[in-house]
Amino acid sequence: MFELFNPRRGERALLAGAPNRWDWILLPLVLAVLAAAAFGAMQMTRPFTVGQVTPISLDPVNLPYYLLRTMLRMFTALACSLLFSFVFAAIASKYRAAEKVMIPLLDILQSVPILGFQAIAIAPFIALFPGNLLGVECAAIFAIFTSQAWNMAFSLFQSMRTVPPELNEASRVFCQSGWQRFWRLELPFAMPGLLWNMMMSMSGGWFFLVAAEAISVAGQDIKLPGIGAYIAVAIEAENGRAIAWAICAMLAGIVLYDQLFFRPLLAWADKFRFEESQGDTAQGSWLLDWGRRSRWIRALTDRFWLKLSGALGWFSLRHERDTDETRAHPLGKYAARAWDVLVPAVSLLAVYRLVMFVHSDVGWAEAAHVVVLGLITLGRVMLLIGLASVVWVPTAVWIGLRPQYSQRVQAVAQFLAAFPVNLMFPVVVYMLVTLKLNPNIWLSPLMVFGTQWYILFNVVAGASTIPNELRLAADNLGLKGWLKWKRVYLPAVFPAYITGAITASGGSWNASIVAEYVTWGKTTLVADGLGSYIKQMTDAGDFHRIALGIGVMCVFVMLLNRFFWRKLYLRAEDRSL
């Protein structure tokens, strides 16, 4: 039985004596991180009025400061995404009535472009903090949140739905409440996959960073100090040297948070792997080793988990046995039927409103044109996801089964996944203009450049959690080659792959806005598709056609998820280990 936190570590650890040498080594690092975070937070609350120019310098000396501001936004958005994932997955996985609404809603949310969220959120956030930069900062953090949260929620939901039956039965035997089961079983079981998706979420934040920090909606042009705004200004100035400096700053930032944040978390979460023998898949982290040797750090962490567990204990006073019937119908027999009637009724109302909107505001000819553009983008998405799956599934399984290599490629994979497609615009524009290539074909790979990594990261997480006993059994039975892949590896990683493919598909639709409309200086290349349509309407400030494009994109993603990915998802639940 997993247990995420154990508060009974002994009071002697909490009453640690004098600091040892590891405390003195870690103290400057901890103080530096806290001081940098405090300084950056102070800069985020400076006075600001709408229309005020926020100059962005291309001098590389400013890059450390810009990197600090960007990292604060991304980690704030990551914390919000993690909280959202906990709430969403806990409700959707336990109540089938809620799942019928929440999963389609998540399909819609992941398909809404970041520009659509910005157009809706920028004015309310500015009005919430008048005369302060914090309103614009919140809008940027919200935009980054929309590029991080959905795949984390999907990952946690999928993991909670595929907890092994013997562990669920043990939880019922011990009469654990729903909260205890989540905190001590479901969350620890999902932790390895969730951490890999958190890394992917950070990379997704980098991918859409230019749109988040260089806000341009309906004539408003606001650039927040950060790497994304730096890249936007460099693209406008056609400054290749500044682009190179931005790439170096990104790489430095990724290495920093990989070594100081994700690598220790992965090594710590290795104890939650579902197997009886340790095998050879243990992760390592120099920072975690130092923290475990430090007397003060261990005392502080023990006291923190003690207080946290005591606070969370208030939610675990009631013990009950949850049967399949109560989970299937938490609202009661008649309430569940009423819910089943209410959901289609609301859906029909939404369809009616959409029809009236099209009829009165944009016209049926325009709607038909947008649907055709959506079909073009749909073809690109499915083709590119298929090609990415052929390449990255076997690669990810190979990496996940070999931790000595996964630790080496972890930071490299994060950097490639975080690489904003905007930084490729100079090369893409030069090649397409010089060689006179067709933008409809050669701009397409940009759509999957930042989203293919969802497949890689999820499958690596799935492969790393394959029980060592299963691998040894396959070796003892003499399974080799394709037969071993067919009977062991592919079924084992299939749930993780479906989660990655769903989020990669939704992310590709979102990325089409960046990939189908490429600008470098005064040169613009446009490919036919729904993404370029939304981008052009956003620049023009035509909110009716922006809403039409986003609505059509949501419909396409919902139909694709409902009739294709959902079917595979149900098969993944049956094939889970």
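Note on ring orientation: taking the six-membered ring where Trp is involved, the planes of F142 and F145 are parallel (angle under 30°, cut-offs 30° and 60°). Relative ring orientation between W453 and W392 is described as tilted, the plane-to-plane angle lying within the 30° to 60° band. Aromatic ring orientation, Y257 versus F75: perpendicular (interplanar angle above 60°, classes split at 30° and 60°).
Counting non-hydrogen atoms of neighbouring residues, nucleotides and ligands closer than 6.0 angstrom, the CH2 atom of W565 exceeds 12 such neighbours. For W24, the CH2 atom sits in a loose shell: 12 or fewer heavy atoms of surrounding residues, nucleotides or ligands are nearer than 6.0 Å.
Taking the side chain as every heavy atom from C-beta outward, N151 and I502 never approach each other to under 4.5 Å. In this structure, the side chains of V459 and I399 stay at 4.5 Å or more apart for every pair of heavy atoms. At least one side-chain heavy atom of L266 sits under 4.5 Å from a side-chain heavy atom of M199.
Listed by chain and residue number, E137, E213 satisfy the salt bridge (charged side-chain N to carboxylate O under 4.0 Å, His left out) test with R73 (two or more places apart in sequence, or in another chain). By the side-chain hydrogen bond (donor to acceptor under 3.5 Å, both in side chains) test, T76 pairs with no residue at all, sequence neighbours left out. A search for ring pair (Phe, Tyr, Trp, His ring centres under 6.0 Å) contacts involving F556 returns W509, not counting sequence neighbours. Residues satisfying the side-chain hydrogen bond (donor to acceptor under 3.5 Å, both in side chains) criterion with S508, sequence neighbours excluded, are T451. Listed by chain and residue number, V555, F563 satisfy the side-chain contact (heavy atoms from CB on, under 4.5 Å) test with L559 (two or more places apart in sequence, or in another chain).
Not one N or O on the side chain of Q148 forms a donor-acceptor pair closer than 3.5 Å with the backbone of G205. Judged purely by atom type and a 3.5 angstrom limit, S505 has no side-chain atom pairing as donor or acceptor with the backbone of A501.
Taking every heavy atom of both residues into account, A388 and Q452 meet most closely at CB-CB, 3.9 Å. In this structure, V493 and G462 approach most closely via the heavy-atom pair CG1-C, 4.0 Å.
There is no side-chain donor-acceptor pair under 3.5 Å between S155 and N458. A donor and an acceptor atom, one from each side chain of E186 and S159, are nowhere located under 3.5 Å apart. S93 and R161 share no donor-acceptor pair across their side chains, judged by distance under 3.5 Å alone.
Considering I385, L378, L384 as possible partners of M382, the one that fulfils the side chain to side chain contact (heavy atoms under 4.5 Å, CB included) test is L378.
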Tabulate below the donor-acceptor pairs under 3.5 Å that side-chain atoms of residues 472-480 make, not counting sequence neighbours, or state none.
residue	atom	partner	partner atom	Å
D475	OD1	K484	NZ	2.7
N476	ND2	L472	O	3.2

